[in-house]
Engineer: 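One structure, pasted below without further comment.
Proteins get letters first, then strands, A, B, ... in listed order; numbering begins at 1 in each.
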Amino acid sequence: MGICAMIDIKLIRENADFVKERLSHKQFKTPETVDQILQIDEQRRKLQQALDVVLNESNVAAKSIGSLMREGNTDGAEALKMAVAGLKQQEKQIKEQLAAAETQQQALAIQLPNLPHALVPAGASAQQNEEVKQGGRMPALPQGAAPHWELIKTYDLIDFETGAKIAGSGFPLYKGKGAKLQRALVSYFLDYNIAAGYTEYSPPYMINADSAFATGQLPDKEGQMYHMEADSLYMIPTAEVPVTNVYRDVMLKAEDLPIRMTAYSPCFRREAGSFGAQVRGLNRVHQFEKVEIIELVEPQHSMQTLDAMVAHVEQLLQNLELPYRILRLCGGDMGFASAITYDFEVFSAAQERWLEVSSVSNFESFQANRLKCRYKNAEGKTQLVHTLNGSSLALPRIVAALLENNQTPSGIALPQVLHSYFGSGVIS
RNA sequence: GGUGAGGUGGAUGAGUGGCUGAAAUCAGUAGUUUGCUAAACUGCCGUACGGGUUAAACUGUACCGCGGGUUCGAAUCCCGCCCUCACCGCCA
């Protein structure tokens, strides 16, 4: 078993200071981990070399014994067997040490998050995120406009109490026009993505540990996922996990790229410890609907692809006629596996709050390294692909904003693009 | 859940203890030939981690679903597990 760092071990060996500098941007608090990795790595390689020598001696001896046997020289073969007897013991001993070193190095290596891209602003928390753009028109709501949880009651769209009875708090029960609105949004989002060239997938909603590790949910976000202990499966926190894992352990050709996938799925998140005033209604739930886009591209194109994905999501928000802003996340607010992330927020006018509805990230080779998803580049060299993904879009907060921003005395006026999907232009 | 068959390189697929890192075919690739297209012929063509080199060459080790075991030596024998396929049972 090799060492599976998310960051290339060669980069750490050759440029430890650069790695530390970038990690500090991501608020990584223990730069000494890098030095520890280097130290263990050196040790590990020495052991590996020692083991190779011993194994080589065994292999050579075994071949000689084979020839002696074939010549009928049993005495010579027996003598050589005796002579070689000690090698086994040595082999066993070195193997144990090597395994220990590998385990140790692996344990350290998986603690390192992906390195942030040069564009990523410094900063420790959401306050330092950089607003790159605002768009859409702010609605002018009358005094006393209702927040979405009241509108949901008014139009009988979601029964939170019964959802709580069935499963627990944070598991909304959509009904009637609420359920239909969900379906309309999912269909519209998928069609919009398909029209842009993404291939639709409908993945498993549970994943095994290998898949969760490959995209970076394990070990970093173990506590965020629902775990089915009896079957060693996790409920997906996002379609990103099953869909990206389509290409785990796959060798691609350059002409296969880019690979562009979209998938609808429910998403399950424990959201442990995040109760409070800010989580009313649809602001934060344990189960929600989302449509995801995922791309696998050649490394030299990934930043351009990221921009294209951002533009794609932005257009979708414009089509929904929602006021939005785009944030470039600072190092401290970014995910573990991401090199650069743009968040999309819509303004939910009655709550007067910005709600995150999409997060578009370039993971560069971090996920691909864990996925072992590689391709042969133009020079015929094997190289890791770059992976990217984003939501287009997550439903509940879109629903919240649509309800709040479009409330009128005669009902909720839906944006034009949804009319055919919803079968009507208004929720009344 | 039961029974049976099977998991080998990018693909198909041979291989039941040493000369097999793995036949053959296809795909790929470099070249030769032919007036183009097509075809034919020849060479090359797995991955990972090391050593070595300016870079190569060269070289060590590991890998034939995964993990153990037997053996001087395992794709090949033994044990456990996973997965796939077929049939049966159960079931939306």
Side-chain angles (χ1 to χ4, degrees), chain A residues 1-14 37-106 108-109 202 204-214 228-234 242 245-257 259 296 365 368-385:
Chain A
M1 256 330 262
I3 296 300
C4 180
M6 59 290 333
I7 301 174
D8 191 356
I9 183 70
K10 283 177 190 156
L11 179 64
I12 301 176
R13 273 182 214 150
E14 283 158 21
I37 289 172
L38 281 174
Q39 204 184 326
I40 294 281
D41 181 55
E42 171 115 15
Q43 223 180 78
R44 199 198 93 242
R45 278 193 289 170
K46 288 227 170 82
L47 286 165
Q48 181 70 58
Q49 282 171 41
L51 179 64
D52 285 355
V53 168
V54 171
L55 287 173
N56 179 240
E57 283 176 37
S58 303
N59 287 345
V60 168
K63 283 206 173 108
S64 305
I65 292 170
S67 337
L68 290 171
M69 302 279 273
R70 247 171 289 119
E71 290 160 12
N73 184 349
T74 16
D75 289 350
E78 285 305 319
L80 193 46
K81 277 192 205 180
M82 301 295 276
V84 149
L87 287 176
K88 271 234 140 167
Q89 196 52 41
Q90 273 186 61
E91 180 188 322
K92 200 179 157 207
Q93 199 184 352
I94 300 174
K95 266 187 176 162
E96 277 166 16
Q97 292 175 25
L98 182 62
E102 277 178 357
T103 307
Q104 204 176 345
Q105 184 174 351
Q106 177 74 23
L108 289 169
S202 184
Y205 298 156
M206 295 191 203
I207 47 172
N208 58 33
D210 285 346
S211 294
F213 181 82
M228 312 282 123
E229 199 143 350
D231 298 288
S232 299
L233 293 168
Y234 297 86
N245 271 279
V246 167
Y247 287 95
R248 172 150 54 88
D249 290 319
V250 169
M251 177 74 80
L252 293 162
K253 299 180 186 122
E255 61 263 33
D256 296 331
L257 300 172
I259 286 165
L296 275 52
S365 60
N369 193 17
R370 293 175 160 211
L371 281 172
K372 293 198 201 61
C373 178
R374 293 157 303 170
Y375 79 107
K376 297 250 192 219
N377 66 18
E379 290 87 56
K381 280 215 157 189
T382 302
Q383 200 175 354
L384 293 167
V385 302

Engineer: How far does the P atom of B:G4 sit from the matching atom of B:C79, given to the nearest Å?
Structural biologist: 14 Å
Engineer: Out of B:C72, B:A62, B:G50, which nucleotide sits closest to the side chain of A:Gln49?
Structural biologist: B:G50
Engineer: Between A:Arg45 and A:Val60, name the one whose nearest nucleotide on RNA chain B is closer to the 5' end.
Structural biologist: A:Arg45
Engineer: Determine which pairs satisfy salt bridge (Lys or Arg N to Asp or Glu O under 4.0 Å) with at least one residue from residues 46-56 of chain A, sequence neighbours left out, and list them in order.
Structural biologist: A:Glu42-A:Lys46
Engineer: Taking B:G21 as the reference, what is the distance to B:G15 when you measure between their C1' atoms (whole Å, please)?
Structural biologist: 13 Å
Engineer: Going by the rule side chain to side chain contact (heavy atoms under 4.5 Å, CB included), which residues pair with A:Asn56 if we only count those two or more places apart in sequence or in a different chain?
Structural biologist: A:Val60
Engineer: Checking A:Lys81 now: which residues fulfil salt bridge (charged side-chain N to carboxylate O under 4.0 Å, His left out) with it, not counting sequence neighbours?
Structural biologist: A:Glu78
Engineer: What is the distance from CD of A:Glu91 to C1' of B:U61, rounded to the nearest Å?
Structural biologist: 11 Å
Engineer: How do A:Ser58 and A:Met69 order along RNA chain B: which one's closest nucleotide is nearer the 5' end?
Structural biologist: A:Met69
Engineer: Measure the CG-OG distance between A:Asn59 and A:Ser64 for me, rounded to the nearest 0.5 Å.
Structural biologist: 10.5 Å
Engineer: Rounded to whole Å, how long is the line connecting atom CZ of A:Arg374 with atom C1' of B:G10?
Structural biologist: 12 Å
Engineer: When the distance from CD1 of A:Ile94 to P of B:U61 is rounded to whole Å, what number comes out?
Structural biologist: 14 Å
Engineer: Show me the dot-bracket string of RNA chain B, counting Watson-Crick or G-U pairs under 3.5 Å, with | for pairs to another strand and [ ] for crossing ones.
Structural biologist: ((((((((.[[[..)..(.....]]].(((((.......))))).((((((......)))))).[[[[[..)....]]]]])))))))....
Engineer: In whole Å, what separates the P atom of B:G17 from that of B:A56?
Structural biologist: 41 Å
Engineer: To the nearest 0.5 Å, how far apart are OG1 in A:Thr103 and CG in A:Leu98?
Structural biologist: 9.0 Å
Engineer: What interatomic distance, in whole Å, is found between P of B:C66 and the corresponding atom of B:U59?
Structural biologist: 27 Å
Engineer: Return the value, rounded to whole Å, for the distance between atom CG of A:Leu55 and atom P of B:G50.
Structural biologist: 17 Å
Engineer: Rounded to whole angstrom, note down the C1' distance from B:U20 over to B:A75.
Structural biologist: 9 Å
Engineer: Show the numbers, then the answer: is there a salt bridge (Lys or Arg N to Asp or Glu O under 4.0 Å) between A:Lys10 and A:Glu14?
Structural biologist: CA-CA 6 Å; A:Lys10 283 177 190 156; A:Glu14 283 158 21; over 6 Å; no
Engineer: Once side chain to side chain contact (heavy atoms under 4.5 Å, CB included) is applied, do any residues pair with A:Lys92, and if so which ones, sequence neighbours excluded?
Structural biologist: A:Glu96
Engineer: Between B:U71 atom P and A:Leu87 atom CG, what is the distance in whole Å?
Structural biologist: 16 Å
Engineer: A:Tyr234: which residues meet the ring-ring contact (aromatic ring centres under 6.0 Å, His included) condition with it, sequence neighbours left out?
Structural biologist: A:His227
Engineer: Taking the side chain of A:Lys88 as heavy atoms from C-beta outward, which of B:G50, B:G73, B:A62 is closest to it?
Structural biologist: B:G73
Engineer: What is the distance from CG of A:Leu51 to C1' of B:G51, rounded to the nearest Å?
Structural biologist: 15 Å
Engineer: Closest approach of A:Leu296 and A:Cys373, non-hydrogen atoms and distance?
Structural biologist: CD2-SG, 3.9 Å
Engineer: I'd like the C1' distance from B:G9 over to B:U54, given in whole Å.
Structural biologist: 33 Å
Engineer: Report the residues that fulfil side chain to side chain contact (heavy atoms under 4.5 Å, CB included) with A:Val53, sequence neighbours left out, ordered by chain and then residue number.
Structural biologist: A:Glu57
Engineer: Which atoms of nucleotides 53-60 of chain B (N or O only) lie under 3.5 Å from a protein N or O atom, and what are those distances?
Structural biologist:
| unit_1 | atom_1 | unit_2 | atom_2 | d |
| --- | --- | --- | --- | --- |
| B:G60 | O3' | A:Asn56 | ND2 | 3.0 |
| B:G60 | N2 | A:Asp52 | OD2 | 3.3 |

Engineer: Within this structure, what is the NZ-to-P distance between A:Lys63 and B:A74, rounded to whole angstrom?
Structural biologist: 11 Å
Engineer: Mind checking what makes side chain to side chain donor-acceptor pair (under 3.5 Å) contact with A:Arg13, not counting sequence neighbours?
Structural biologist: A:Asp41
Engineer: Say we look at B:G80 and B:C26: how far apart would their C1' atoms be, to the nearest angstrom?
Structural biologist: 37 Å
Engineer: Look at the side chain of A:Lys81 and decide which nucleotide, out of B:A48, B:C72, B:U61, has an atom nearest to it.
Structural biologist: B:C72
Engineer: Could you work out the separation of B:A48 and B:A39 based on their P atoms and round it to a whole Å?
Structural biologist: 32 Å
Engineer: In whole angstrom, what separates A:Gln106's CD from B:C49's P?
Structural biologist: 13 Å
